[in-house]
Amino acid sequence: MRVLVIGSGAREHALLLALSRDPQVTGLIIAPGNAGTARLAEQHDVDISSGADVVALAREVRADLVVIGPEVPLVLGVADAVRAAGIVCFGPGKDAARIEGSKAFAKEVMAAAGVRTASSELVDNPAHLDAALDRFGPPVGEPAWVVKDDALAAGKGVVVTPDRDAARAHGAGLLESGHPVLLESFLDGPEVSLFCVVDGETVVPLLPAQDFKRVGDGDAGPNTGGMGAYAPLPWLPDDVYREIVSEIVEPVAAEMVRCGSPFCGLLYVGLAITAKGPAVVEFNCRFGDPETQAVLALLDSPLGQLLHAASTGALAGFGELRWKAGAAVTVVLAAENYPGRPRVGDVIGGSEADGVLHAGTARRDDGAIVSSGGRVLSVVGTGADLSDARADAYRILDSIRLPGSHFRTDIGLLAQEGKIHV
């Protein structure tokens, strides 16, 4: 089986690494890729937002399976174009990808499926923002306004703040740029990320993970695309995990079939484990970054065969997934000034070590690997438990050199110390 992966981040690097362990995968191709993925796969340029271009490349490289990593091509309908060309594709079509592309649509699906989530209000007129903020102000016991971009925002479209002026400024900025704003109630409790491979009403869950969105230790600073993650979650009871699958993911998958937008691909649910039980923060239509890097490091089942089964109607017969013992921790190395405009073009030392996955990297004509984006590398450590996995990840990080770079030092620390409770 020849597999074409679309994308260029650490998530796609992790996908390639896991696919390379599948004995039925005979060829790997990535487009456009980065300096690290070139070691694992044929590398081609492509406009990932163009269905016609992706189809042409898939035919050129004789792909048996196309795996679309990022959300933008999925929301634009690239998976539909690939399937229409008669090529097997892992990734939801345009209608189903609205579960991430429109937070308002996701709320409608959850309401119809009876799924617990934050109460919300959509604002599409600047003149209505102040009144909505007043109506939606944090009640007693809730510490913050939650103001979200209704459209795609690469994980950085949300502001959670107790400061009304900051909440208003974020909402006004989104509205001025033509983006509707979603106000939500605050969900308190530890957060969980759960990936599920889905084909219609068939749901196969992966290991739960937890990611870290804020840029600094102790969840300080602005939101980012993700600064690290770990899996599995030693503090999450099995019955809560099963509840997430049976009372949230499966009803949502069934509702999407009922409303004519069946989902086929990777359905990500981000949750808060509140005092009343799991509640949905958001749905995404693809593997999340940086959780993918940790979760796939522990997968023992053949990934290519799993994704192919989901894409061809055979997921129900695939069987339970197998997992390696132990834990995995991902720590993101970011460029100077990220999540603002990052410094780029610096030479990176130590980036080709085991456990290092590339995202914002490029290779110069002289062979040097340089930074080319905000989140430059993901370092994945594994071990017998969370403590060992953390030590492994930070040991690898100590060997990497990038001027001005920064990373969080507390990924998975509270869980290691037993300080997270449901």
Side-chain angles (χ1 to χ4, degrees), residues 1-22 24-94 97 154 265-266 285-287 289 292-293 296 303-308 311-312 344-345 348 351-352 356-378:
M1 175 168 49
R2 290 175 58 80
V3 183
L4 167 61
V5 175
I6 301 299
S8 61
R11 165 186 52 212
E12 287 74 34
H13 196 165
L15 284 166
L16 287 177
L17 199 59
L19 287 164
S20 71
R21 299 193 292 265
D22 186 331
Q24 289 192 14
V25 173
T26 57
L28 287 171
I29 309 99
I30 187 165
N34 57 48
T37 57
R39 300 172 63 192
L40 287 169
E42 295 176 31
Q43 203 138 301
H44 295 260
D45 288 328
V46 75
D47 177 357
I48 67 171
S49 66
S50 168
D53 288 1
V54 171
V55 167
L57 176 61
R59 285 174 170 158
E60 176 189 337
V61 301
R62 306 184 313 282
D64 300 300
L65 171 66
V66 176
V67 178
I68 300 176
E71 63 274 24
V72 171
L74 293 169
V75 169
L76 293 175
V78 172
D80 295 310
V82 174
R83 278 191 278 268
I87 302 168
V88 177
C89 182
F90 183 79
K94 183 177 182 178
L266 194 290
C285 65
R286 38 74 196 186
F287 281 102
D289 181 345
T292 299
Q293 294 90 293
L296 291 187
L303 180 63
Q305 295 171 56
L306 172 65
L307 304 188
H308 192 274
S311 307
T312 56
V344 297
I348 309 166
S351 66
E352 296 187 278
V356 178
L357 302 176
H358 289 231
T361 66
R363 191 177 293 274
R364 289 194 319 211
D365 290 342
D366 64 2
I369 294 176
V370 299
S371 58
S372 63
R375 290 189 297 168
V376 181
L377 302 170
S378 283

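Under the salt bridge (charged side-chain N to carboxylate O under 4.0 Å, His left out) criterion, Arg21 pairs with no residue at all, not counting sequence neighbours. Residues passing the ring pair (Phe, Tyr, Trp, His ring centres under 6.0 Å) test with His308: none are found, sequence neighbours excluded. Partners of Phe287 according to the ring pair (Phe, Tyr, Trp, His ring centres under 6.0 Å) rule, which considers only residues two or more places apart in sequence or in another chain, are Phe195. For the side chain to side chain donor-acceptor pair (under 3.5 Å) test, residues two or more places apart in sequence or in another chain that qualify with Thr361 are His358. By the salt bridge (charged side-chain N to carboxylate O under 4.0 Å, His left out) test, Asp365 pairs with no residue at all, sequence neighbours left out.
Annotation for Gly51 and Val78: closest pair N-CG2, 3.9 Å, computed over non-hydrogen atoms. Between Ala63 and Ile87, the shortest heavy-atom distance links the atoms O-CG2, 4.0 Å. Considering all non-hydrogen atoms of both residues, Ala79 and Gly91 come closest at CB-O, 3.5 Å. Summarising the geometry of Asp289 relative to Arg11, their closest heavy-atom pair is OD2-N, 3.7 Å, with the distance given to 0.1 Å. Across all their heavy atoms, Ala14 and Leu296 have their closest contact at O-CD1, 4.0 Å. Ala35 and Ala362 make their closest contact through CB-C, 3.7 Å (heavy atoms, listed as atom of the first residue, atom of the second, distance).
At least one side-chain heavy atom of Leu40 sits under 4.5 Å from a side-chain heavy atom of His13. Inter-residue side-chain proximity for Ile6 and Val66 is flagged as met; some heavy-atom pair is nearer than 4.5 Å.
To the nearest 0.5 Å, atoms CD1 (Ile30) and NE2 (His44) are separated by 11.0 Å. Considering CD1 of Ile29 and OG1 of Thr37, their distance stands at 12.5 Å, rounded to 0.5 Å. Note that CG of Asn34 is 6.5 Å distant from CD of Gln43, once rounded to the nearest 0.5 Å. Rounding to the nearest 0.5 Å places CG of Leu17 at 13.0 Å from CD of Glu12.
Applying the salt bridge (Lys or Arg N to Asp or Glu O under 4.0 Å) rule to pairs touching residues 42-60 yields Arg2-Glu42, sequence neighbours excluded.
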Practice problem: Dump the intermediate steps for salt bridge (charged side-chain N to carboxylate O under 4.0 Å, His left out) on Arg363 and Glu352, then the final yes or no. | Solution: CA-CA 12 Å; Arg363 191 177 293 274; Glu352 296 187 278; 3.4 Å; yes
